[in-house]
Every structure is written in C-alpha cells, then in structure tokens.
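I have placed the structure first, in the form of structure tokens, so that the comments after it can refer back to it.
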Amino acid sequence: MDRIQHNYVDIRVKLHIPEIETFCSSTGPTVVLFLHGFPEIWYSWRHRMIAVANAGYRAIAPDLRGYGLSEHHPQPERASFIDFVEDTLAILDSFQIDKASLVGKDFGSWPVYLLPPSSSNQGFWNCIIWRAILPL
C-alpha cells in the first residue's frame, strides 16, 4: 500500500487520483484505469492495483466525482453519467495517457460502457465491465 501515490487533478472539480506508476522497459507505461462502484471509493481497487503494478502496469483508480476525497458536482441536480465520462477522459488527458485498459465495477461500469464510442482521441485496449446493470 505504500507504493500508492495520492495525487489530485483539477478538471472542472478537484479529483483524487491514487496511482501506482510502473514503467515497462520497451513500451513505456501500460495503463489500467479502475472505476469504482457505488457506494465505494478507490480503496476497493487497492489489491488489484498492486497486482497489476506487480505485472508491470501503471494502475490508476480515481475517486469518482462526489466520492471519497473528490469534490462534488457544483450543481448536483445537473449531474449525470456523462460527467464521469468527461472526467475519465480529462484524467487520461491530464496524465498524457493515449491508451488504457478500463475496468469498471457496478456504478463505475457506466463510464466504461459509454467511453469507447465517445472517445475519438483516446485509444482503449480493453474494456472490462464487472457486475453492472446496463440498458438493453
């Protein structure tokens, strides 16, 4: 757990971004972005973050907007899942990440579900949706 660094990015709201940075020697960082479920925070991914970091991946597990140490939406009545999609893209942009594997659980699966078709400038290797209720 001492390998986990706690950073913040200010993108429309201030987001708490725990990460373990690992660099693969030949290809640079390979990133896995974990998005937590409801009513969880980044901490639910801590063991998986360590596991993927030990396998050579950079692990990032932000507290979604309004959860954990991240700020709430400035207008809660206008909040939507699109905010989480935009926040996820902004996180990747702020860390200058071009490609990532996305893992979403429960509530966090919505941004993973909505991201690939909406992201023209980002590339995603894998999108994993875990225990989600999605529209048919």
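Everything numeric here is computed off the predicted structure, so don't read it as measured data.
Of the possible polar contacts, one joining the R46 side chain to the Y43 backbone as a donor-acceptor pair under 3.5 Å is found. A donor-acceptor pair is defined here as one N or O able to donate and one able to accept, closer than 3.5 Å; such a pair exists between the side chain of H36 and the backbone of L64. With hydrogens and angles ignored, the 3.5 Å screen pairs a side-chain donor or acceptor of S70 with a backbone N or O of D63.
Among all heavy-atom pairs drawn from I4 and P18, the shortest one is CG2-CB, 3.9 Å. Nearest heavy atom pair, residue H73 against residue P76, reads O-CD, 3.6 Å. Nearest heavy-atom pair, P111 versus V85, reported as atom, atom and distance to 0.1 Å: CA-CG2, 3.9 Å. Minimum interatomic distance between L35 and P62 (heavy atoms only, all atoms of both residues): CD2-CG, 3.9 Å.
Annotation: the span from L89 atom CG to S94 atom OG amounts to 11.0 Å, rounded to 0.5 Å. Note that the CG atom of D93 and the CG atom of D98 stand 9.0 Å from one another [nearest 0.5 Å]. Interatomic distance, L33 CG to W45 CH2, rounded to the nearest 0.5 Å: 10.0 Å. Between the CG atom of N7 and the CG atom of L15 there is a distance of 12.0 Å, given to the nearest 0.5 Å.
Counting heavy atoms from C-beta on, the side chains of P74 and V13 come closer than 4.5 Å. Between Y67 and E40 there is no side-chain heavy-atom pair separated by less than 4.5 Å. Annotation: side chain of V103 is not in contact with side chain of K105 (no heavy-atom distance under 4.5 Å). The side-chain heavy atoms of V31 and F95, taken from C-beta on, include no pair separated by under 4.5 Å. Using a 4.5 Å cut-off on side-chain heavy atoms (C-beta onward), I60 and V32 make no contact.
With respect to R3 and E21, no salt bridge is recorded, no charged nitrogen being found less than 4.0 Å from a carboxylate O. The pair R58-E19 meets the salt-bridge criterion, since a charged nitrogen lies less than 4.0 angstrom from a carboxylate oxygen.
Following chains of ILVMFWY side-chain contacts shorter than 4.5 Å, one can reach L102 starting from I11, so the two form part of one hydrophobic cluster.
Ring geometry for F81 against F107 counts as tilted: the plane angle lies between 30° and 60°, on a 0 to 90° scale. Classification of the W42-H16 ring pair by plane angle, with boundaries at 30° and 60°, yields perpendicular.
Checked against R65 for a side chain to side chain contact (heavy atoms under 4.5 Å, CB included), the options K14, R12, E86, H72 give a single hit: R12.
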